[in-house]
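All chains are named by letter (A, B, ...) in the order of the sequence lines, taking the proteins before the strands, and each is independently numbered beginning at 1.
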There are 2 protein chains.
Amino acid sequence: MSKIENKILTDLVYEKLKVMIDDGVLIPGQKINKLELSQMLGVSQTPLNDALSRLAGEKFLEQRSRQGYFVRAFSDEELVALFEMRGALEGMAIRLCCENATADQIEELSDCFEGFIFPLNDKSYMEYVHADKTFHEKLIRYSGNPILWELSRTSGYMIKSNMKGLTRPPEETYPEHMAMIQALKDHDGDKAQQLMIQHHLRSRNVFRSKLKKKEPNIR
Amino acid sequence: MSKIENKILTDLVYEKLKVMIDDGVLIPGQKINKLELSQMLGVSQTPLNDALSRLAGEKFLEQRSRQGYFVRAFSDEELVALFEMRGALEGMAIRLCCENATADQIEELSDCFEGFIFPLNDKSYMEYVHADKTFHEKLIRYSGNPILWELSRTSGYMIKSNMKGLTRPPEETYPEHMAMIQALKDHDGDKAQQLMIQHHLRSRNVFRSKLKKKEPNIR
DNA sequence: TAAATGTTTTTTGTATACAATATCTATTGA
DNA sequence: TCAATAGATATTGTATACAAAAAACATTTA
């Protein structure tokens, strides 16, 4: 039997704000006007403050002394760092999946990318975006590591790096995903981890090359 | 010229609480009495609340609806997960060090474990504990990844897993550290990452074997 | 015009009050 | 003696008020 929900206002505000960030109602870099926002949500400033602090702890927001809260924006340099982090975490996740995931779960992961025929049309492109997201999410869930799972749901880092669309075209990433799925089926943790790390480092390189083009002008 | 500090009360409370958790004044599992604590610190409940929320976001505390805040305690299962996470993150850190760290920085990393002669006496054992901590910390700093660096300073996961003493004896970990340092000097990122992951997974196994001994009784 | 100064407005950060809820304690009945 | 209930106490969660600081605006001066 499911528990009766008896949530606290703070939690409701917290969840609402997270959705607002996810939906782009609150834009990266934007200043949060506490008074305005609390009136908009129909709550006092106290539960809003609590929610804002928590979101700052989770890196969705940034607090600047005496200036208030701002929606966290990631520089190109930080985006590079973000993909390195994801490579690390998801690399470990897929390794653990090789050890812990059931046959059914591996089947499910494999099914994510079933039936794509290239070149993709607009509809199947959208489906690929979705497949990509669920694949990486399920990997974490089936890794059996509760900390990774918690991080993926509550860390602004993980969620924000997942938000923007694809960084590389499906033609490029599809074979990489296939190779990972093969490694999963072979229960080859070392191989799978290597592949996942490479997968994310290649995405990182997209941002890093952007960065390098800028730098010379600054010097 | 250094800026004049004009910190907010919330931040001071936040930092104080972090020290209190680190020093064991606040014990894992313990309930936080807000009224008592606010009086102890000589502040009102508002800045305390903000600090508590932030610390919950960073996973130092846990908030249970209508019961308040508790110092976060990690089960054996979560400790296993924690070391898997550290393996992932520090594995990436050492890989990046192979790419980005300067010769001086690699020298500095190597120096951490200079001059240990086995068997260690009480004094040199303590020095080894310290060396271990600084080695892993510097790796993250010299990786050039600002997100990893931020995480290592503000994530309850990272800090808490670092708090307890050594999980394995120096005799066992010393050669592992030496191998990593060699890989660093060779700028062999793949190798270094592999070694680091194995290093932490072995520590994980210490907790995992504890877990397995318990399980059969539950069934 | 543009920079510097002074004034007003807005917004933050903090304290405090209070109602709702949980926890503890005492009492009753089996 | 123990469990169940009712009452008292403590603690949380929320609203509100207000001082201090920042931001915006207007005014003066070069």
Side-chain angles (χ1 to χ4, degrees), chain A residues 1-18 20-21 25-73 154, chain B residues 1-18 20-21 25-73 154:
Chain A
M1 191 181 160
S2 68
K3 279 184 188 172
I4 297 168
E5 288 209 16
N6 184 14
K7 279 196 179 166
I8 238 163
L9 245 185
T10 300
D11 286 346
L12 296 175
V13 172
Y14 162 84
E15 275 157 27
K16 177 75 182 170
L17 289 179
K18 239 167 133 170
M20 287 173 80
I21 292 168
V25 179
L26 300 173
I27 302 154
Q30 183 188 334
K31 182 171 168 7
I32 303 269
N33 187 322
K34 291 204 273 191
L35 204 68
E36 188 187 29
L37 192 55
S38 67
Q39 284 164 348
M40 235 171 87
L41 298 171
V43 294
S44 82
Q45 292 178 61
T46 313
L48 177 61
N49 258 322
D50 286 356
L52 293 174
S53 297
R54 177 127 61 100
L55 287 166
E58 291 177 352
K59 324 297 181 199
F60 287 96
L61 302 175
E62 184 192 353
Q63 185 173 24
R64 301 193 202 135
S65 256
R66 308 214 132 83
Q67 292 188 90
Y69 292 90
F70 296 77
V71 182
R72 177 129 183 192
T154 63
Chain B
M1 194 183 161
S2 67
K3 281 184 188 171
I4 296 168
E5 288 209 17
N6 184 14
K7 277 198 182 164
I8 240 164
L9 245 186
T10 300
D11 286 347
L12 297 175
V13 172
Y14 164 83
E15 274 157 27
K16 177 75 182 170
L17 290 179
K18 238 166 135 173
M20 286 172 83
I21 292 169
V25 180
L26 300 172
I27 303 155
Q30 185 188 332
K31 181 172 169 7
I32 304 269
N33 187 321
K34 290 203 274 191
L35 205 69
E36 187 186 34
L37 193 56
S38 68
Q39 284 165 348
M40 235 171 88
L41 298 171
V43 294
S44 83
Q45 291 177 61
T46 312
L48 177 61
N49 258 323
D50 286 357
L52 292 174
S53 297
R54 176 126 61 101
L55 287 165
E58 291 177 352
K59 323 298 178 198
F60 286 98
L61 303 175
E62 184 190 351
Q63 184 171 26
R64 298 189 205 138
S65 256
R66 308 209 133 85
Q67 294 187 86
Y69 291 91
F70 296 77
V71 181
R72 174 128 186 193
T154 64

Residues pairing under salt bridge (Lys or Arg N to Asp or Glu O under 4.0 Å) where one sits in residues 34-47 of chain B, two or more places apart or in two chains, turn out to be none

Which residue pairs pass the salt bridge (Lys or Arg N to Asp or Glu O under 4.0 Å) test when at least one of the two sits in residues 46-58 of chain A, sequence neighbours left out? A:D11-A:R54, A:E58-B:K59

Rounded distance (nearest 0.5 Å) linking atom CG of A:L52 with atom CD of A:Q45: 10.0 Å

Give me the residues of residues 26-34 of chain A where at least one heavy atom lies under 4.0 Å from an atom of DNA chain C, by number, or none. A:K31, A:I32, A:N33, A:K34

Within residues 44-57 of chain B: residues closer than 4.0 Å to DNA chain C (heavy atoms): B:S44, B:Q45, B:T46, B:P47

Could you report the tightest heavy-atom contact between [X] and [Y], atom names first, then the distance?
| X | Y | value |
| --- | --- | --- |
| A:R72 | A:P28 | O-CB, 3.8 Å |
| A:I27 | A:V71 | O-CB, 3.3 Å |
| B:K7 | A:R66 | O-NH1, 3.7 Å |

Nt span of DNA chain D in reach of chain A heavy atoms at under 4.0 Å, 5' end first, is D:dG13 to D:dA23

Expected output: side-chain A:K18 to main-chain A:F60 donor-acceptor under 3.5 Å: no

Check whether any side-chain heavy atom of A:F70 lies under 4.5 Å from a side-chain heavy atom of A:R64, and answer yes or no. yes

Can you check the [X] [atom1] to [N] [atom2] distance for me, whole Å?
| X | N | atom1 | atom2 | value |
| --- | --- | --- | --- | --- |
| A:L9 | C:dT21 | CG | C1' | 14 Å |
| A:Q67 | C:dG13 | CD | C1' | 14 Å |
| A:R66 | C:dT10 | CZ | C1' | 16 Å |

Please identify which of these residues, B:L35, B:T10, B:L9, B:L17, meets the side-chain contact (heavy atoms from CB on, under 4.5 Å) condition with B:L48. B:L17

Sequence neighbours excluded, the answer for side-chain hydrogen bond (donor to acceptor under 3.5 Å, both in side chains) partners of B:S53 is B:Y69

Judged by nearest nucleotide, the residue sitting upstream toward the 5' end of DNA chain D, A:G42 or B:N6, is A:G42

